[in-house]
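All residue numbers refer to positions in the sequence shown, counting from 1.
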Amino acid sequence: MTYLDFLRTGSPLHRVTPCESGFCIAPVGEDAAAREAFQALAEVAVEREGQGYRIADVTISEVSGAYEVVFVAPLEAPLQT
């Protein structure tokens, strides 16, 4: 399983929503533990960009500076503008 497959599948740390030419990942809950776990996962996803996917966009909290949503686009999919 590639990291892209892991991101696309979802986990106890993140939920997946299909959107445009890829998918969005977000925390599984609104509590601090869920947001903290997602933050770690999102940081790794951003670091691994280029390994079968690109980070097309992110939503960052104005209050905490943490990732709220990360839009992932597989490299073989064209980016919708």
Side-chain angles (χ1 to χ4, degrees):
M1 173 185 278
T2 67
Y3 200 69
L4 173 61
D5 293 332
F6 167 73
L7 291 175
R8 191 184 335 238
T9 303
S11 74
L13 305 177
H14 74 291
R15 62 184 165 84
V16 178
T17 305
C19 51
E20 297 175 18
S21 61
F23 56 93
C24 295
I25 59 173
V28 294
E30 295 299 320
D31 60 280
R35 289 191 313 265
E36 186 176 318
F38 177 73
Q39 180 67 25
L41 182 136
E43 288 173 0
V44 172
V46 170
E47 289 172 7
R48 290 185 174 197
E49 181 179 20
Q51 296 181 16
Y53 64 91
R54 66 181 175 269
I55 303 299
D57 197 9
V58 296
T59 302
I60 296 178
S61 169
E62 292 181 15
V63 176
S64 67
Y67 292 104
E68 292 182 337
V69 177
V70 177
F71 175 66
V72 179
L75 287 178
E76 66 274 5
L79 181 61
Q80 302 270 331
T81 56

Let me check something: do [X] and [Y] share a hydrophobic cluster, defined by ILVMFWY side-chain heavy atoms less than 4.5 Å apart, either directly or through other members?
X: Val58; Y: Ile25; value: yes
X: Ile55; Y: Leu7; value: yes
X: Val44; Y: Phe23; value: yes

Exercise. Which residue pairs satisfy the side chain to side chain donor-acceptor pair (under 3.5 Å) criterion with at least one member in residues 38-47, sequence neighbours excluded?
Worked result: Gln39-Glu43
Which atoms form the tightest heavy-atom contact between [X] and [Y], and what is the distance?
X: Arg54; Y: Pro74; value: NH1-O, 3.8 Å
X: Arg35; Y: Gly29; value: CG-O, 4.2 Å
X: Val70; Y: Ala42; value: CG2-CB, 4.0 Å
X: Thr9; Y: Asp5; value: OG1-O, 2.6 Å
X: Leu13; Y: Ala37; value: CD2-CB, 3.5 Å
X: Ala34; Y: Pro27; value: O-CB, 4.0 Å

For this session: List for me each residue that meets ring-ring contact (aromatic ring centres under 6.0 Å, His included) alongside Phe6, sequence neighbours excluded, and say none if there are none.
Result: Tyr3, His14
For this session: Could you give me the CA-CA distance, side-chain angles and deciding distance for Leu4 and Val72, then say whether side-chain contact (heavy atoms from CB on, under 4.5 Å) is met?
Result: CA-CA 9 Å; Leu4 173 61; Val72 179; 4.2 Å; yes
Problem set entry | Any pair counted as ring-ring contact (aromatic ring centres under 6.0 Å, His included), so long as it reaches residues 36-68, sequence neighbours left out | none
Exercise. Is the closest side-chain heavy-atom distance between Asp57 and Val69 below 4.5 Å?
Worked result: no
Exercise. More than 12 foreign heavy atoms under 6.0 Å from CD of Gln51: is that the case here?
Worked result: yes
